[in-house]
There are 2 protein chains.
Amino acid sequence: MAKRASMSDVARVAGVSLTTASRALSGAGRVSAETRAKVIETAERLQFQPDMIARSFVTGRSFIVGVLAEHAHGRFSMPLIVGATNYLGRENIAAVTLDAHGTPRILNDYLKRLRSRRIDGLLVVGDDPNRASLVLSEDFAVPVVFASSSATPETDYVVAPDNRGAGQAAAEHLIDIGRRHIAHVTAAVHDAAVDARVTGFTEAMAAAGLPIAMGGGPLYGSYLQRWGIDAAERIIASGEPVDAIFAANDEIAIGLFATFHRHGIRVPDDIAIVGYDNRLAGVMRPDHPLSTFDPELATVGERAAQRLLSVIAGAGEPGINYVQPRFVEGRSTVGPTLSPYDVL
Amino acid sequence: MAKRASMSDVARVAGVSLTTASRALSGAGRVSAETRAKVIETAERLQFQPDMIARSFVTGRSFIVGVLAEHAHGRFSMPLIVGATNYLGRENIAAVTLDAHGTPRILNDYLKRLRSRRIDGLLVVGDDPNRASLVLSEDFAVPVVFASSSATPETDYVVAPDNRGAGQAAAEHLIDIGRRHIAHVTAAVHDAAVDARVTGFTEAMAAAGLPIAMGGGPLYGSYLQRWGIDAAERIIASGEPVDAIFAANDEIAIGLFATFHRHGIRVPDDIAIVGYDNRLAGVMRPDHPLSTFDPELATVGERAAQRLLSVIAGAGEPGINYVQPRFVEGRSTVGPTLSPYDVL
DNA sequence: TAAGGGTGTGAAATCGCTTGCGCCCAACTC
DNA sequence: GAGTTGGGCGCAAGCGATTTCACACCCTTA
């Protein structure tokens, strides 16, 4: 069984020095075209593969990055992590994935390990909580990119889904299909992602010269389906002529829909509903019952990883980089009347 | 700004040789307790962190494993990958995640890269297709563990969800709640995961001395909700006194439920339904409308990673290691009558 | 013809750690 | 008391690449 060929094997066989072989293969430095060709040919013949560990050892670049997630198994984090690590893999970068749930002491321990591996950079997946306690020491100042949904200082490198754009696009879609009495049923106030969608929605409504139904602003609640049910009841009870709703997520949207249907209010005929998340894709009937926005979280992860590699390479400016949501057109805004059996 | 302390720094400050420092810190080799204490104390004082790259360089162990997924973004793979990489991270092992969708040429290219990194082992996530083309050359024979749902040669190291056990538990649960005319609506025949669930279900029924409703065997179809609808229609049309159904996944279960409800057949009163997947957890109302089995895919990934590390360490025998599914009790088997509004 | 400049090549140092081998000395065996 | 054992420690050799410096050579140019 032949051992792996090292670069000095290549050099010896090609009849050049180790130095020349290295230069010929790396492309840097002055080597005659003739010599270079000879070395490359020899390397291929011997199936030479550079040893990345040796390379890391001498260059200081480990080709490993840390991925620090808040809740790795969460709905938000999972596609993001997979999107990121997958991109990194394609670029031949390894990842040490760590779940930061835990005490600062654990986080600190993790950072020690990452330093021990001489990681080239750090990708932080999730929202604020850990960011504050993420203190990189002087002698371990690697590039950090955040994949997150919340706002951050301008000095950070951030990639996030465009919640504001989604809110705006939702309003525009509902206006496009002729609705004029549009409400926004959203989750908790002072949640960065919620706020951004509210902002986008409000801007688009203002731009169209339309007031927001149900009191001029969004109805705040939670992300639970239960809240969608309650909100629908409240809208019905108000007697206001609401003809469209932008729901902060698909669970709320489903709650709204079920409640309207139960009261004999037709969707989308009487009230159109557009959600946000697209988490139900593939769960519900394949003919897209619900109009919604897919935040493309895997893309967010991928872009964040891409950006991290850029920063490591010394390129790119700090700031927030938004990933556009993908609109999924469904029957809740443009199709024939939905029944629960269409959603189930 | 202080540079990171190296082991020779520690040795110098502690007044011992590099050799002794190394031995004292690694715990191997003969060092007096006194000297060891002194070295360890010095290392801590200097905040010494061993350089894993240098260690890898000399030991040959990279502390990196490859994770080769079939479709990294798929429902099956995603939790598995996250479960695995997260466990690896906790054990301080980095992962190069690669998506194998592609030609054998690409796969081969990936293997070259992995070899180039001297990976310690390989975790293959997904089913058969790639396994055949996964040929490790002689000089790159690292341990391989498969995280998969299908059967494999006894010589492989495999971790998989216990589909057979799920089928068995499903039948037992339905029998437990007093049902005697139980059908099984499943997906495509000759799918390993489907077959395993069929086997478990059939065994449990036989053990209870019950015939399988609707012809003595499962009804084969697809994983789509549409098939659940069609199967329900067929069961209703048959006139057979079916009082319980084990569905191969939750989408089929939902299709069954909606169709029965439409026909005035009450669930679970008239027909109890148990599904498989638990993909709808958190999507539907929080009060668990559907009885189902959660395959605990993240755990499968975690166990597979754990097993890979064991194999790398030289321990463990080949064979399949099953992860037990978790039963999620819902109203479709034990609660009050469900209406679509409960599911939505 | 001598000085200067670019070009192709190689010798050797270096990165931080592990480990085989050998030395010294104390303790034990016969 | 001579020989044997073995514990404690250090010297030095790598591991496989990159990179600095020096050198030989050829071609200009004054």
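Every chain is numbered from 1 and lettered A, B, ... according to where its sequence line falls, protein lines coming before strand lines. Note: hydrogens, waters and symmetry copies are ignored here, and every other heavy atom, side chains too, is used.
Between C:dG10 and A:Ser17, a contact under 4.0 Å exists linking OP1 or OP2 to a side-chain N or O. A sub-4.0 Å separation between OP1 or OP2 of D:dA17 and a side-chain N or O of A:Ser22 is absent. A sub-4.0 Å separation between OP1 or OP2 of D:dC9 and a side-chain N or O of B:Ser32 is present.
Atom-to-atom, CD1 of A:Ile53 to P of C:dT18 comes out at 14 Å; the value is rounded to the nearest Å. The nearest whole Å value for the distance from the CZ atom in A:Phe63 to the P atom in D:dA17 is 13 Å. Atoms CZ (A:Arg115) and C1' (C:dG16) sit 15 Å apart, rounded to a whole Å. The nearest whole Å value for the distance from the CG atom in B:Asp51 to the P atom in D:dG16 is 17 Å. Put simply, CZ on B:Arg12 is 15 Å from P on D:dG10, counting in whole angstrom units. Note: CZ (A:Phe57) to P (D:dG14) measures 16 Å, nearest angstrom. One atom, CZ of B:Arg118, and another, C1' of D:dG16, lie 8 Å apart when rounded to the nearest Å. In this structure, A:Leu25 atom CG and D:dT18 atom P are separated by 8 Å, rounded to whole Å.
Distances from the side chain of A:Ala54 to the nucleotides D:dA17, C:dC17, D:dC9 place D:dA17 closest. Listed nucleotides: D:dG10, C:dT9, C:dT18. Nearest to the side chain of B:Thr20: D:dG10. Across C:dG16, D:dA17, C:dG8, the shortest atom-to-atom separation from the side chain of A:Thr35 is found for C:dG8. The listed nucleotides are C:dG20, D:dA17, C:dT18; the one nearest the side chain of A:Arg55 is D:dA17.
In this structure a side-chain-to-backbone donor-acceptor pair under 3.5 Å is present from B:Thr42 to B:Lys38. Of the possible donor and acceptor atoms, none in the side chain of A:Ser310 sits under 3.5 Å from a partner among the backbone N and O of A:Ala315.
If you find the closest nucleotide of DNA chain D to B:Ala21 and to A:Phe48, the one lying nearer the 5' end belongs to B:Ala21. Where B:Arg36 and A:Leu18 each meet DNA chain D at their nearest nucleotide, the meeting point lying more 5' is that of B:Arg36.
Counting non-hydrogen atoms under 4.0 angstrom, B:Ser6 reaches the backbone sugars and phosphates but no base. Nucleic acid contact for B:Val31: sugar-phosphate only, since backbone atoms but no base atoms lie under 4.0 Å from a heavy atom of the residue.
Side-chain atoms of B:Thr19 stay outside donor-acceptor range of the base of D:dC9, with no qualifying N/O pair under 3.5 Å. For A:Arg23 and C:dG10, a side-chain-to-base donor-acceptor distance below 3.5 Å is present, hydrogens and geometry of angles not being considered. Residue-to-nucleotide contacts include no donor-acceptor pair under 3.5 Å from the side chain of A:Thr59 to the base of D:dA17.
Screening B:Val65, B:Val67, B:Leu68, B:Leu114 for a side-chain contact (heavy atoms from CB on, under 4.5 Å) involving B:Val96 leaves a single residue, B:Leu114.
Using a cutoff of 4.0 Å between basic side-chain nitrogens and carboxylate oxygens, B:Asp9 and B:Arg12 are scored as salt-bridged. Salt bridge present: B:Arg90 and B:Glu302 bring a charged side-chain N and a carboxylate O closer than 4.0 Å.
Side-chain contact between A:Leu308 and A:Pro143 is present, with at least one heavy-atom pair separated by less than 4.5 Å.
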